[in-house]
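Encoded as structure tokens, the structure appears first; notes follow it.
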Amino acid sequence: MNKEAIKDHKDLGIYKIAFEAAMKIFELSKKFPVEERYSLTDQIRRSDARRLATASLSRSVCANLAEAWRKRRYEAAFIAKLNDCVRGACRRQAEAAETQTWIEFAVKCNYMNIEVGREVYANYNQVLSGLVNMINNPSPWLRNH
């Protein structure tokens with residue numbers, strides 16, 4: 001898909017992968033045991049309140065990507081927002097990588113099937129790879145002034 005065919009952030013392949021993975025995590029996490037409601041389920045669904053009060057870690061990747069897309073007129077702003085998707089602010093782990101960690105816990109605790117866990121984990125590897133590629137080569141994605 002060339003740049004002209006992409007009219008909206010929702011047309012980006014990495015956005016589609018991240019969105020589907022986020023929805024899969026949401027659906028799977030609804031089946032976690034009640035005793036995990038305020039630990040693993042909470043961690044896998046929500047992000048740091050300072051960043052996105054009611055969204056999940058997995059969903060905040062999509063939200064930050066959408067915001068980066070809107071800022072692509074200015075290379076520095078575009079790259080900075082993409083970096084939020086990859087590494088987060090301050091000492092926080094990357095949102096996508098943090099989601100992968102919680103997926104590992106869910107599999108190890110037998111709350112998520114290992115094959116499903118591998119699939120979702122692999123999806124986040126694709127998202128991280130795509131984000132890094134966009135950061136390292138932003139020119140094709142930037143909007144002309």
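Contact detail for Tyr15 and Lys10: the closest heavy-atom pair is CD2-CA, 3.6 Å. Across every non-hydrogen atom of Met134 and Leu12, the tightest pair is CE-CD1, 4.4 Å. Taking each heavy atom of Gly117 and Ile103 in turn, the nearest pair found is O-CG2, 3.7 Å. The shortest heavy-atom contact between Val61 and Ala18 is CG1-CB, 4.2 Å. Closest of all the heavy-atom pairs between Tyr124 and Ala22 is OH-N, 3.7 Å. Counting all heavy atoms, side chain and backbone alike, Lys7 lies closest to Trp69 at O-NE1, 4.2 Å.
Salt bridge Lys71/Glu67: present, at least one basic N to carboxylate O contact under 4.0 Å.
From Ile135, atom CD1 reaches atom CZ of Phe78 across 8.5 Å, with rounding to the nearest 0.5 Å. To the nearest 0.5 Å, atoms CG (Asn123) and CZ (Arg118) are separated by 14.5 Å. Interatomic distance, Asp84 CG to Leu65 CG, rounded to the nearest 0.5 Å: 11.5 Å. Rounded to the nearest 0.5 Å, atoms CG (Leu142) and CD1 (Ile79) are 7.0 Å apart. Once rounded to the nearest 0.5 Å, the distance linking CD of Glu20 with CD1 of Ile25 reads 11.5 Å. Here NZ of Lys16 is found 6.0 Å from CG of Asp11. Values are rounded to the nearest 0.5 Å.
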After noting the C-alpha distance and the side-chain angles of Asp8 and Arg70, does the key distance pass the side-chain contact (heavy atoms from CB on, under 4.5 Å) rule? CA-CA 9 Å; Asp8 189 72; Arg70 300 284 187 294; 3.9 Å; yes
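Using modelled atom types, no side-chain atom of Asn137 and backbone atom of Asn133 make a donor-acceptor pair closer than 3.5 Å.
Within 6.0 Å of OH in Tyr111 there are more than 12 heavy atoms belonging to other residues, nucleotides or ligands. For Phe19, the CZ atom sits in a loose shell: 12 or fewer heavy atoms of surrounding residues, nucleotides or ligands are nearer than 6.0 Å.
Side-chain contact between Gln126 and Ile14 is absent, with no heavy atoms from C-beta onward closer than 4.5 Å. Side-chain contact between Val116 and Lys24 is present, with at least one heavy-atom pair separated by less than 4.5 Å.
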